[in-house]
Student: 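What follows is a structure written as structure tokens; I'll ask about it next.
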Amino acid sequence: MSPAHHQLPRLCFPPQPGQLTPEPQTVSTRERSSLGRSPLSGPEAGTLAMGRPEEAALLQLEEVFSATLARIDSLVLQPLLMLEPTDPQSRECLQLLQQLRKSSQQLWKVTEESLHSLRERLRHPDAIGLESLLLLDGADRVLQVYMEYIESYTSCVVTQAFQKAVKKRSDYWRSRQKALQQQLWGMTSEGSMDTKLAQVLCQPLTRHVQEYVSLLRSLRDTAGEHRPACELVAHATTLFENLQSFMRQALDQAVATQGLWRTLSSRLRDALYTPARRLLQDSQDMPLTVTPLRAERVLLFDDILVLLQGHNVHTFDLKLVWVDSEQNGCVFHLLTPEEEFFFGSKYRQDQVVWQWKITQAVCQALRGKKDFPLLGAGLESSKPPICRSMAYTFLAEGRLCQATYEGEWYQGRPHGKGTLKWPNGRNHVGTFCQGLEHGFGICLVPQASEDKFDCYKCHWREGSMCGYGICEYGIDEVYKGYFQEGLRHGFGVLESAQQAPQHCKYTGHWERGQRDGYGIQEDSDRGELYIGLWQADQRHGPGVVVTQAGVCYQGTFQEDKMVGPGILLSEDDSLFEGTFTRDLTLVGKGKVTFPNGFTLEGSFGSGAGRGLHAQGVLDTDALPPDPSSTCYRQLGLGIFPVESRWQGVYGPFRDFVHTGCPGDLQEALLGFHVQSSRELRKSQEYLCCESAGRMEDILEELLQHRDPEALQKCLRKALSNSLHPLGKLLQTLMLTFQATYAGIGANKHLQGLAQEEVKQHAQELWAAYRGLLQVALQRKGQALEEEEDTEARDRRVHGLVLPLMLPSFYSELFTLYLLLHEREDSHYSQGITNLSLFPDTNLLEFLDVQKHLWPLKDLTLTTNQRHSLVKDKCFLSAIECLQKVITTMDPREKLEVLERTYREIEATVSRVLGQEHKLPMDDLLPLLIYVVSRAQIQHLGAEIHLIRDMMDPIHTGGLFDFLLTALESCYEHIQKKDMHRSPR
């Protein structure tokens, strides 16, 4: 036989139960004529075909298939589309038939492209390689076209589209019966018309794929080791072998699904039916038990798992089904977002098959396409991923009812990043763990009455807010602080908007959602600041009230009311003692001590528009009161132990350190940079918290900088970074300090309270550093540092920490010193003004400075000028040096400025005397008074007292202490009345 009439191999697979594929038949006369024609012309045609019989056979096979597709289109598909839809079912039928024809046209188109590539190859064998064939180079694309046709065809089978079409035009199709019969091989004329239509649309494709596989195997055997053609042929052969298996299974599934729809009740069919859905397994064919649901029937489709229980239908999306790989006898475990089941079987083999089929169905549902082979003979299977990204709407009653979760899952539970949305507009974006909000998240909760939202930007633990958070409420309130179990707990700040009718701000401790413990509340509407203890959201215990008018009250509160005796200091330093009303009016028995020392003791009351009236004894013989008992009286000391005031701030840091600084708690402790609620509500995207870096890096840096100089730089860097644990602690302490002592709280009677707080904060910061260092050493397996004694700790606190942190509190603290020493500084300023009128020599003489110490050489005289007229020339370097005392906030640096001033004075005197000279106190004091008077430093009293209070105790009794004492003497001398007379 010539190569042009090469006998095509014919392969067939055994008939499957319910399969529509017929046995192959011999080729028709017209097709044999087509197979016998050579695609080439000329004398070389036979020679080329002889050298490539498989390629020539492929060419003939494609020509026959292309012609068959064209005939099927005109004979079957076009007439099928003449169906006139009259109801939803017929419209669905028509859509499926239209899709089938579209797939058939694509199949014809790719066949024609394959024909073209074969012809070009056979015409130019030397120029065009075997790998250029579309069947090889584009095997995946060709396969996809075949798959689409099979899917369209089986959808028509499932929906009985052919049967419905025939029924609508039965007369027409009876007239076409003979033509259809000619297209079929091995079929008797007794079959129904819709069966014949199904066979005509399926049989050519089945036979064509069989012959493809046979020819590709033969071509693979003859291709040898010529790469890449050999690899392409092997790949194409595998694809079409798998396609054969897929076609058998797809047809079997279509027939089984069609049968299922016929047997189900209309209610169940309406609930489950879709044209694309295929039945994979039915528990009526392979029995299965389900607990705890006790389902009567289990249906496994290619996209859902269905459990039937009486009239109830339970469906589960396979993309959200997890098959537990652990097996226990004849039982396997299934997890879904809301339920879990145990599937069991009487026979181990049935259980294995069910588990394998469900696993494969889940894999393919997740991939969105069917694999080859779908359900092969072997039971080796790929495993679906445990972690997935899907959307699901919860149905069961509970807090998630009707909520839709979209994001990452793990073993049937939301786990990872995701978004949870409720129908009422509530929205949570963040991280989840085992189905619960856990980690950083943003939650918007709509208010029922208005079109406003509460915005929670917080850390969550096991479904509740826990750790640091920022909450912006729709009622124009903002809370920044810590939570526990969804309630404000620990330290936090609650503030209403500035434009609110009653602006209020609370800074302090919370207990299970209520103000409790030490806290500060500013009531702008009343112009009051409360400093003290709270219980159950009410002022309860000792407290101090400061008003905008400068009035201070200290007493006891019970359930938000003043109880028992208290004291009140007015702005003019009058002292009231007794019982007071809510508006701070003295009532009942009491005593008033006036600034001049007079006292009034008796009964007090008030009336509308009458002011305070009293009935008692006025004592005018009393001596003027000690200034320390009125003007300088300090409130709050003793009743609020400094070490217990801000435990809500210190506590979380201590706990963080004691637990070893775990990374997962770092964000919950340190918080995050704040975005406005407008940005949060607009984007609603997952926002990442910012941190100063990994805790390992922070601890490593502490280990690297332990010597004094490096430690100072390290601490300065840490304290300036609000995302470093130490910087965050300092930032929070600054917030509490400003809330207490700025604005209304800027009152001279609170200076003592503020001063001891600053020192306590320095101790806590040093303790926090020591705790972090111990954790760093422990992680490295190094020996822990020994506990410091009190003396060593105080040296570090005052010498290292206090100078670094004091600038953060300096503004509010120095303001309190200014107010407290305002009267002294006023007298001092008057003295300075008077002394500034003196020329240099007159002032030196007035201050009793010995004349041999006068630096007359520094007085540069102009023409006709006398020494007695020169001003601001003597001891100029010392004066300029002392003026720098106000340029620094560090007490030590201020003392160093004072020391350099002393050295400059001595240097000037030594230059005048022509020899080194040490000044005794008797000579130093008048010279220092001269320098101070010419330096004209404002608020020198406040500066001196701040230096004295904040000075490192190590300097007590040393040079710094001596010089500061000398400066204090100068300050007191300048205040005296004899310094207030003008020069003669």
Side-chain angles (χ1 to χ4, degrees), residues 399 403 419-430 437 439-461 463-517 519-526 528-530 534 536-539 560 648-649 652 667-668 671-687 689 731-732 735-736 738-739 743:
R399 73 181 188 95
T419 301
L420 196 58
K421 297 181 179 179
W422 282 261
N424 65 351
R426 182 176 178 179
N427 191 346
H428 182 97
V429 182
E437 299 91 333
F440 176 66
I442 302 167
C443 184
L444 293 184
V445 180
Q447 290 190 347
S449 57
E450 302 178 41
D451 186 20
K452 293 184 178 180
F453 287 81
D454 294 339
C455 178
Y456 300 87
K457 183 181 179 184
C458 309
H459 290 268
W460 303 69
R461 181 178 298 166
S464 299
M465 291 181 287
C466 190
Y468 185 77
I470 298 176
C471 301
E472 299 179 356
Y473 303 98
I475 56 175
D476 296 325
E477 282 186 339
V478 178
Y479 174 80
K480 300 179 182 179
Y482 293 91
F483 289 85
Q484 183 173 306
E485 297 181 359
L487 301 173
R488 300 169 193 155
H489 192 89
F491 172 77
V493 179
L494 179 66
E495 182 176 12
S496 59
Q498 291 290 341
Q499 65 273 18
Q502 294 181 333
H503 176 259
C504 192
K505 179 180 179 181
Y506 174 80
T507 304
H509 302 281
W510 299 77
E511 183 79 26
R512 300 195 59 78
Q514 295 182 321
R515 291 168 290 185
D516 201 290
I520 316 297
Q521 176 153 304
E522 179 184 350
D523 187 342
S524 298
D525 187 50
R526 295 181 59 88
E528 289 183 357
L529 181 76
Y530 173 79
W534 296 74
D537 232 20
Q538 295 179 322
R539 295 180 294 181
D560 222 30
V649 178
E667 273 185 356
F672 34 79
H673 281 316
V674 182
Q675 280 188 275
S676 69
S677 60
R678 181 178 300 175
E679 290 173 333
L680 295 180
R681 296 168 189 176
K682 181 179 178 181
S683 65
Q684 273 304 284
E685 296 177 355
Y686 179 79
L687 302 179
C689 303
Q731 183 188 56
T732 308
L735 189 150
T736 65
Q738 291 167 0

Student: Would you indicate whether the side-chain heavy atoms of Y456 and V445 approach each other to under 4.5 Å?
Tutor: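 Contact flag for V445/Y456 side chains = yes.
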
Student: Is the number of heavy atoms from other residues, nucleotides or ligands under 6.0 Å of R539 CZ greater than 12?
Tutor: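 Count over threshold, so yes.
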
Student: Can you find a heavy atom in the side chain of T419 that is under 4.5 Å from one in the side chain of N427?
Tutor: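 SC-SC contact between T419 and N427 confirmed.
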
Student: Are side-chain heavy atoms of K480 and Y468 found at a separation under 4.5 Å?
Tutor: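 K480 vs Y468: side chains touch.
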
Student: Report yes if some heavy atom in the side chain of F483 is under 4.5 Å from a heavy atom in the side chain of H489; otherwise report no.
Tutor: no

Student: F440 and H459: aromatic ring centres closer than 6.0 Å?
Tutor: yes

Student: R515: what forms a salt bridge (charged side-chain N to carboxylate O under 4.0 Å, His left out) with it, not counting sequence neighbours?
Tutor: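 So R515 forms a salt bridge (charged side-chain N to carboxylate O under 4.0 Å, His left out) with D537.
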
Student: Can you confirm whether L735 sits close enough to F491 that some side-chain heavy atom of one is under 4.5 Å from a side-chain heavy atom of the other?
Tutor: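 Yes. Closest side-chain heavy atoms under 4.5 Å.
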
Student: Side chains of C455 and I442, heavy atoms from C-beta outward: is any pair under 4.5 Å?
Tutor: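 Yes, close enough: below the 4.5 Å cut-off.
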
Student: Where is the tightest heavy-atom contact between P446 and N424, given as atom of each residue plus distance?
Tutor: CG-O, 3.1 Å

Student: Taking side chain as C-beta onward, heavy atoms only, is C471 less than 4.5 Å from C458?
Tutor: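 Yes. Closest side-chain heavy atoms under 4.5 Å.
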
Student: Run the numbers on H503 and E495 for side chain to side chain contact (heavy atoms under 4.5 Å, CB included), then give the verdict.
Tutor: CA-CA 8 Å; H503 176 259; E495 182 176 12; 3.4 Å; yes

Student: Taking the side chain as every heavy atom from C-beta outward, state whether Y482 and R488 have any pair of such atoms under 4.5 Å apart.
Tutor: no

Student: Evaluate the side chain to side chain contact (heavy atoms under 4.5 Å, CB included) criterion for residues L494 and Y473: first the C-alpha distance (whole Å), next the side-chain angles of each, then the deciding distance (0.1 Å), finally the verdict.
Tutor: CA-CA 10 Å; L494 179 66; Y473 303 98; 4.2 Å; yes

